[in-house]
**Q** 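Here it is, the structure, as structure tokens.
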2 protein chains.
Amino acid sequence: MKISTRGRYAIRVMIDLAEHAQGEYIPLADIARRQEISEKYLEAIVSMLVKAGLLVGLRGKKGGYRLTKTPDQYSVGDILKITEGNFAPVACLEDEINSCDRASECKTLKVWEDFQKLVNDYFSSITIESLTGNDGCYDYVI
Amino acid sequence: MKISTRGRYAIRVMIDLAEHAQGEYIPLADIARRQEISEKYLEAIVSMLVKAGLLVGLRGKKGGYRLTKTPDQYSVGDILKITEGNFAPVACLEDEINSCDRASECKTLKVWEDFQKLVNDYFSSITIESLTGNDGCYDYVI
DNA sequence: TATAATCCTATTTATCTGATAGGAATATAC
DNA sequence: GTATATTCCTATCAGATAAATAGGATTATA
């Protein structure tokens, strides 16, 4: 029932970018220094966020990462879904169809289904913007 | 973010006992057979429940396990707290006092605190009795 | 062309999960 | 009091995953 370090770091990266980016690309080294996280480890995490389209990276000098949307358009849930895979508390809820033999007689299935919805709704309701010290007025265009 | 097999099995054991026990001791072999779970694996799980006082075991012939309370007095949360340790989604919330250096400046601490409460409240609200096919009238005395 | 950055692949270490095995201790029934 | 049925205890094992590190290929800018 733990949120992985990956997930926690991913959220911190997103908040950091939301607070410091003015539309330009921010090198990962800057984020790693501010957040006191190993740059090499962050690399793996950030690459997940890029692959999922939450960030874009640019190589070379003046390169780095930037958000693809404004901070109010990201939820904590969006990020955790990428790093944690999904919010299914049990394996049988990971796929659309439940392929567990015992599903029809399972007395706890509803407990897990309702729980999954609870978790999803909670994390979906928290925006990255709400976790920054910013005022919600972005003076840059994405 | 997964509930362990231990936790799921523990809940099934408790439901099984709530449905089948009439005050007498139920051998683990019976539960293992009904639930189609390895008896040896269940042993380790059930011993946790005994140590925590949710069940009592009796050795020897006519031995087995029985509940220490009526099914409506157990919540799913009571059981999961034992098998999962706690509901802290991050390590810094496991102890009473938060010993994380970054706690004072942590932008996500409240997210995790509120989440922990949400999870705790949810699982605490579900009784084992509500997961059985019983009517809530116990014809045995504990 | 030098430099600064992302991107990619592999490796390591530690921890946890799920499961199995063998046997010691003990309560009941005959 | 002996056989039997059961919990109880300790140890072990394989596999997966998490967290982190390392080295170098690629690419954009100045």
Side-chain angles (χ1 to χ4, degrees), chain A residues 1-10 12-13 17 21 24-33 35-68 80 82-86 88-92 94, chain B residues 1-13 17 21 24-33 35-68 80 82-86 88-91 94:
Chain A
M1 284 298 304
K2 284 276 183 300
I3 302 291
S4 70
T5 302
R6 263 205 315 267
R8 291 183 288 112
Y9 285 2
R12 283 168 62 184
V13 166
L17 277 171
E24 81 284 20
Y25 288 88
I26 308 285
L28 194 56
D30 292 6
I31 303 174
R33 186 170 19 79
Q35 298 296 326
E36 297 174 284
I37 303 171
S38 142
E39 182 180 349
K40 269 297 180 186
Y41 187 36
L42 274 192
E43 251 186 49
I45 294 165
V46 160
S47 94
M48 288 180 158
L49 301 175
V50 169
K51 285 203 182 84
L54 274 69
L55 297 180
V56 278
L58 180 70
R59 298 199 213 188
K61 228 167 184 173
K62 284 272 179 180
Y65 297 94
R66 66 170 176 75
L67 304 180
T68 54
L80 291 183
I82 291 161
T83 59
E84 316 296 296
N86 58 61
V90 291
C92 68
E94 278 174 349
Chain B
M1 285 298 304
K2 285 277 183 299
I3 302 290
S4 69
T5 302
R6 262 205 315 269
R8 291 183 288 112
Y9 285 2
I11 293 170
R12 283 168 63 184
V13 166
L17 277 171
E24 81 284 21
Y25 288 88
I26 309 287
L28 194 56
D30 292 8
I31 303 175
R33 184 170 20 79
Q35 299 295 326
E36 298 173 281
I37 302 172
S38 142
E39 182 180 349
K40 271 296 180 187
Y41 188 36
L42 274 192
E43 252 185 47
I45 294 165
V46 160
S47 94
M48 287 180 161
L49 301 175
V50 170
K51 284 202 183 84
L54 275 68
L55 296 181
V56 279
L58 180 71
R59 298 198 212 188
K61 229 169 184 172
K62 284 271 178 182
Y65 297 94
R66 67 171 175 74
L67 303 180
T68 55
L80 291 183
I82 291 161
T83 59
E84 316 295 296
N86 57 63
V90 290
E94 279 174 348

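Note that this is a predicted model, so its numbers are computed, not measured. Here is the naming used below: chain letters follow the sequence lines, and residue numbers restart at 1 for every chain.
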**Q** When you measure from the side chain of A/Thr68 to the backbone N and O of A/Gly53, does any donor-acceptor pair fall under 3.5 Å?
**A** yes
**Q** Provide, to the nearest angstrom, the distance between the CE atom belonging to B/Met48 and the C1' atom belonging to C/dG18.
**A** 12 Å
**Q** Rounded to whole angstroms, how far apart are CZ on A/Arg6 and C1' on D/dT21?
**A** 16 Å
**Q** Heavy-atom distance under 4.5 Å between the side chains of B/Val13 and B/Leu42, does that happen here?
**A** yes
**Q** Below 4.0 angstrom, N of the basic side chain to O of the carboxylate: do A/Lys2 and B/Glu94 qualify?
**A** yes
**Q** Whole angstrom is fine here: how far is it from CZ in B/Arg8 over to C1' in C/dT17?
**A** 11 Å
**Q** If you look at every strand shown and take non-hydrogen atoms under 4.0 Å, does B/Tyr25 touch a base, only sugar-phosphate, or nothing?
**A** nothing
**Q** What distance separates A/Ile31 CD1 from A/Ile37 CD1, expressed to the nearest 0.5 Å?
**A** 9.5 Å
**Q** Expressed in angstrom and rounded to an integer, what is the separation of A/Tyr65 atom OH from D/dT27 atom C1'?
**A** 13 Å
**Q** Can you check the A/Ile3 CD1 to D/dA19 C1' distance for me, whole Å?
**A** 16 Å
**Q** Looking at side-chain heavy atoms only, is the closest gap between B/Leu54 and B/Leu67 below 4.5 Å?
**A** no
**Q** Atom CZ of A/Arg33 and atom P of C/dA5: how far apart are they, to the nearest Å?
**A** 10 Å
**Q** Who pairs with B/Ser38 by side chain to side chain contact (heavy atoms under 4.5 Å, CB included), at least two apart in sequence or on another chain?
**A** B/Lys40, B/Tyr41
**Q** Rounded to the nearest 0.5 Å, what's the gap from CG on B/Leu17 to CZ on B/Arg66? Could you check?
**A** 10.5 Å
**Q** Counting C-beta onward and ignoring hydrogens, is there a side-chain heavy-atom pair between B/Ile3 and A/Met1 closer than 4.5 Å?
**A** yes
**Q** In terms of the nearest nucleotide of DNA chain D, which residue is placed more toward the 5' end: A/Ser4 or B/Lys51?
**A** B/Lys51
**Q** Rounded to whole angstroms, how far apart are CD1 on A/Ile31 and P on C/dA4?
**A** 18 Å
**Q** With 3.5 Å as the limit, what N/O pairs link the protein to nucleotides 26-30 of chain C?
**A**
residue: C/dA27; atom: O4'; partner: B/Arg59; partner atom: O; Å: 3.3
residue: C/dA27; atom: N3; partner: B/Lys61; partner atom: N; Å: 3.4

**Q** Tell me: CZ of A/Arg66 to C1' of D/dA28, nearest whole Å?
**A** 15 Å
**Q** Roughly how far, to the nearest 0.5 Å, is the CD atom of B/Glu24 from the CG atom of B/Leu58?
**A** 12.0 Å
**Q** Could you identify which residues of residues 36-47 of chain B place a heavy atom less than 4.0 Å from some atom of DNA chain C, listed by residue number, or say none?
**A** B/Ser38, B/Lys40, B/Tyr41
